[in-house]
Structure formats: structure tokens, C-alpha cells
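Worksheet: one structure, shown below.
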Amino acid sequence: MLPAAAMLMKLLAIPLLFRIARLDFTTHRIANSNVLLLLCLGAASLFLAGLAQGSWLDLGLSSAAGLALFLALFPFWLLKKVGAGDVKLMAVAPFVSGGADLTVFAIALLVFAIVTVMVVRNPMLLPSPAFRVYVEHLDRRRVVPFGVPIAAALIVTIGLQLAAQVLAALSS
């Protein structure tokens, strides 16, 4: 029962991640309330999984990774290279992905970040003229909505976790 409740918390994070991505893409802002809600959902999921497993290692690893990411990205925010919302979202990401799946999240984030950079640098590859104009505007302003690839990587990570749980349930 507890593992299902933990996965439900992660599934509830998916619509919130879509909202964060949409708002970051359109307004270049990530609301603190959304990040805080995401933190609560991720921490609740890790807490329920810790209760079920009887181990708090995943919660501790996620906390350490979140702190490390915040401390590593904070100087880039001071230098105006990355937004404050992106720094906070990255600090919360380990709570959503879980400590055990940080590698999956990192690989997915790398893929989505490369795709985002390719789209921003080569807007003529895109089909819609209006979208091309928007991406050219992003390129001129040197603003990249990094919350979009972070949210996409978290959604992929949650999807893979759900698939693994379903396969484990079907095989037993």
C-alpha cells in the first residue's frame, strides 16, 4: 500500500511539472509556490517509500543531492547565467526523482538540454513560423527556459519508475 501511495505522489507531480514547463516557456518565470508544492510531493513520496522499505537512505541521498545542486548552481545565479527559479527547481529535482534514479534524471536532463540548445541555436529547423520567431527572440535575448528540460527529464524519470513498478507487479 505504501509503495502505491509513494508512486501516486509522483504521479501527482506530473501535471505540476507540465505547468512549470509551460509557465517557464511563456513567461520565463518559475513560481516559488510551484517549486514548494513539487518539493512537498517529492518529499512525501520519498517518506512513504522510506516507511515501506524501512530505510531512509533514498531520502538522505536526495537531500544531499538537492543541497549540492543548490550550492553548485547558486554562483551561476549570482553571475546572472541561470535564473533563480531554475536553481530552485534543480535543487528540488532529486526529491522528485529519488536518490536511486538520479543517474536516469541526469541522462534525461542532458538529452533534453541538448535538444533545447539545438532548437534555440537553429530555429529554422522548426516547422511553425510563429514558433521560429519566438525561438529567435529567445536567442536574441540570450534567455533559455531551462525549466522546460528539467521538467521533461523529471517526467521521463517518473514514467520509467512507473513502468518498472508495473513490470515488477506483473511479473510477481
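As the structure is a computational prediction, the values presented were derived from the model and not from experiment.
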Gap between atom [atom2] of [Y] and atom [atom1] of [X] - 0.5 Å precision:
X    : Y    : atom1 : atom2 : value
D101 : I107 : CG    : CD1   : 10.5 Å
F18  : L23  : CZ    : CG    : 13.5 Å
M9   : F47  : CE    : CZ    : 11.5 Å
L16  : L12  : CG    : CG    : 9.5 Å
L41  : I14  : CG    : CD1   : 11.0 Å

Taking the side chain as every heavy atom from C-beta outward, state whether [X] and [Y] have any atom pair closer than 4.5 Å.
X    : Y    : value
D24  : D86  : yes
N34  : L38  : no
S45  : M7   : no
P149 : L109 : yes

Are I30 and K88 close enough, and set up right, to give a side chain to side chain contact (heavy atoms under 4.5 Å, CB included), and what steps lead you there?
-> CA-CA 9 Å; I30 299 175; K88 291 179 272 190; over 6 Å; no

Minimum-distance pair of heavy atoms, taken over all atoms of A113 and F146 =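 Closest heavy-atom pair between A113 and F146: CB-CE1, 3.9 Å.
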
So, the side chain of [X] versus the backbone of [Y]: is there a donor-acceptor pair under 3.5 Å, distance only?
X    : Y    : value
S171 : A168 : yes
K10  : V96  : yes
S62  : G99  : yes
Q161 : S97  : yes

For the pair F105 and L154, evaluate side chain to side chain contact (heavy atoms under 4.5 Å, CB included) and give the outcome as yes or no after the intermediate values.
-> CA-CA 6 Å; F105 167 70; L154 285 171; 3.6 Å; yes

Between K81 and W77, is NZ or CZ placed under 6.0 angstrom from the six-membered ring centre and within 45° of the ring axis?
-> no

